[in-house]
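Everything below concerns the one structure shown next.
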Amino acid sequence: MHPTPLPLSTWSQNVSPSPTLAIDAKTKALQAAGEDVCNFAAGEPDFDTPEHIKEAAIVALRAGKTKYAPTPGIPELRKAIVDRYAAEYGFSAAPEQVIVSPGGKFNCYLGVLAVCSPGDEVIVPAPYWVSYPEMVKLAGATPKFVLADDRTGFRLTPAMLEAAITPKTKLVILNSPSNPTGAVYSRGELEALVAVAVKHNLYILSDEMYEHLVYDNARPTCVATLSEAARARTILVAGFSKTYAMTGWRIGTTVAPLPIAKAISELQSQMSSNVTTFAQYGALAALREKEKTAAALKVMMTAFDRRRKLLHAELNRIAGISCLLAEGAFYLFPNISSFGLKDADFCARLLEVEKVGVIPGSAFGAEGYLRLSYATSDEVIQKGVTRIARFCASLKQ
Ligand code: PLP
């Protein structure tokens, strides 16, 4: 007779697996089985890492950069990160304020862990990146969602933020450019939100993972640079995954006020230690060999911009769909509520009938929408929207 299994922890029972990774995996499994699938689910550039970055990591590997390194990152990389913030935003920080972590996801999680305790509330604007609520729960805190739908361009207003704050609120998470909507807050809009956070003495986690993926000559805003008060409370997260097509390398960055940076480094020292040592030399090359990196980014952005416009135009031609033009990242977030179908059912049927993989808005806390990544080829976009149009027409019959 088998004994009754002991229950797992509350952490593992309460955590939800990433729906985006799950749908992407399902779509890829269909592809592997020989199906002709159009995959709009992936959240990563379809470009390879630029050669000079790969080469630097190979050289480092051959040179024996295979040992433990300092937990918060190799000194050269922390210094290069400080230098790039100074050059791009006039933001001066000390290398001790920088932590290099195994992927931006972990940077975000450590940021939450550094400031949140059980019982605290964290304001998570929706549509949100799928991992924020789970990170907050894993810290024992409670996510409080505030939905900003397409009527406000998926951007939270100061009044919406203010209304969600309670005496338990400790942290607000901002993410501009946004995954999943591609929305980009203007500097003025961020100043107004930061003013509310300052008034209520909240920490801010500003996830600027997509800062370099902005269109129409838009300039991203670095939240920590908005004021002295902003700098004193902002945990600034960014990384190499999206800008440099380095998703598999697992390298993210945090810049935070010194006491928070120290706490994050100590947490990381017990949870993962340093990012793969030779990989950090690749990241260093991405920052140091500026011209080569800028050229590679330009190629990628030219393609993303073309696809963004193509997908946006094609989606809006479909009766029943309305879609805002995203200003950043590589996602569109069309409204499909007119079909009167739950978005998860819409996606499941679309994959089954037309072999098109998209993520339901409800995975991001916004029922009635879809997230489509246009980090895929023009051909897939063209073929995929033709199938989506056929599917939508069948729903209208
Ligand atoms: N933040 C946002 C908004 C993201 O979309 C992602 C990745 O999808 C991350 C952070 C984490 O990036 P990384 O792959 O470096 O963990």
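Whatever order the structure lists them in is the order used to number ligands and atoms, beginning at 1. This is a predicted model, so every value here is computed, not measured.
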Does any donor atom in the side chain of Asp343 or Ser362 lie under 3.5 Å from an acceptor atom in the other side chain?
->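 The answer is yes; a qualifying pair exists.
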Is there a heavy atom in Phe330 that sits closer than 4.0 Å to ligand 1?
->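 Not so, Phe330 does not reach ligand 1.
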So is Glu44 in contact with ligand 1, going by heavy-atom distances below 4.0 Å?
->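 Contact check Glu44 vs ligand 1: negative.
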Is it true that Phe47 and Tyr244 have ring centroids separated by less than 6.0 Å?
->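 Between Phe47 and Tyr244, the centre distance exceeds or equals 6.0 Å.
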Kindly say whether the aromatic ring centers of Tyr210 and Phe330 come within a distance under 6.0 Å.
->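 Tyr210 vs Phe330: aromatic centres under 6.0 Å.
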Using a strict cut-off of 4.0 Å, indicate which atoms of ligand 1 neighbour a heavy atom of [X].
X: Ser241; result: 13 (P), 14 (O), 15 (O)
X: Gly103; result: 15 (O), 16 (O)
X: Tyr132; result: 3 (C)
X: Asn175; result: 3 (C)

Min N/O separation Lys105 to ligand 1 under 3.5 Å |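 Min N/O separation from ligand 1 is below 3.5 Å for Lys105.
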Which residue from [options] reaches closest to [atom] through any of its heavy atoms?
atom: atom 7 (C) of ligand 1; options: Met209, Lys242, Arg250; value: Lys242
atom: atom 9 (C) of ligand 1; options: Phe240, Trp249, Trp129, Tyr128; value: Trp129
atom: atom 3 (C) of ligand 1; options: Ile173, Asp207, Asn107, Thr247; value: Asp207

Counting only heavy atoms, which portion of Tyr210 has something under 4.0 Å from ligand 1: side chain, backbone, both, or neither?
->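 The answer is the side chain.
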After noting the C-alpha distance and the side-chain angles of Asp378 and Arg307, does the key distance pass the salt bridge (charged side-chain N to carboxylate O under 4.0 Å, His left out) rule?
-> CA-CA 6 Å; Asp378 297 43; Arg307 298 167 185 174; 3.4 Å; yes
Hphob cluster co-occupancy, Val275 + Ile235, side-chain heavy atoms under 4.5 angstrom =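 Per the 4.5 Å side-chain linkage, Val275 and Ile235 are not co-clustered.
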Is there a donor-acceptor pair closer than 3.5 Å between any side-chain N or O of Thr152 and the backbone N or O of Ala148?
->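 No; judged by distance alone, with no hydrogens or angles, the pair does not exist.
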Please answer whether the main-chain N or O of Leu287 pairs with a side-chain N or O of Arg84 as donor and acceptor at a distance below 3.5 Å.
->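 Checking the backbone N and O of Leu287 against the side chain of Arg84, no donor-acceptor pair under 3.5 Å is found.
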On the ring face of Phe339, is Lys396 found with NZ or CZ under 6.0 Å from the centre and within 45° of the axis?
->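 Yes, a cation-pi geometry.
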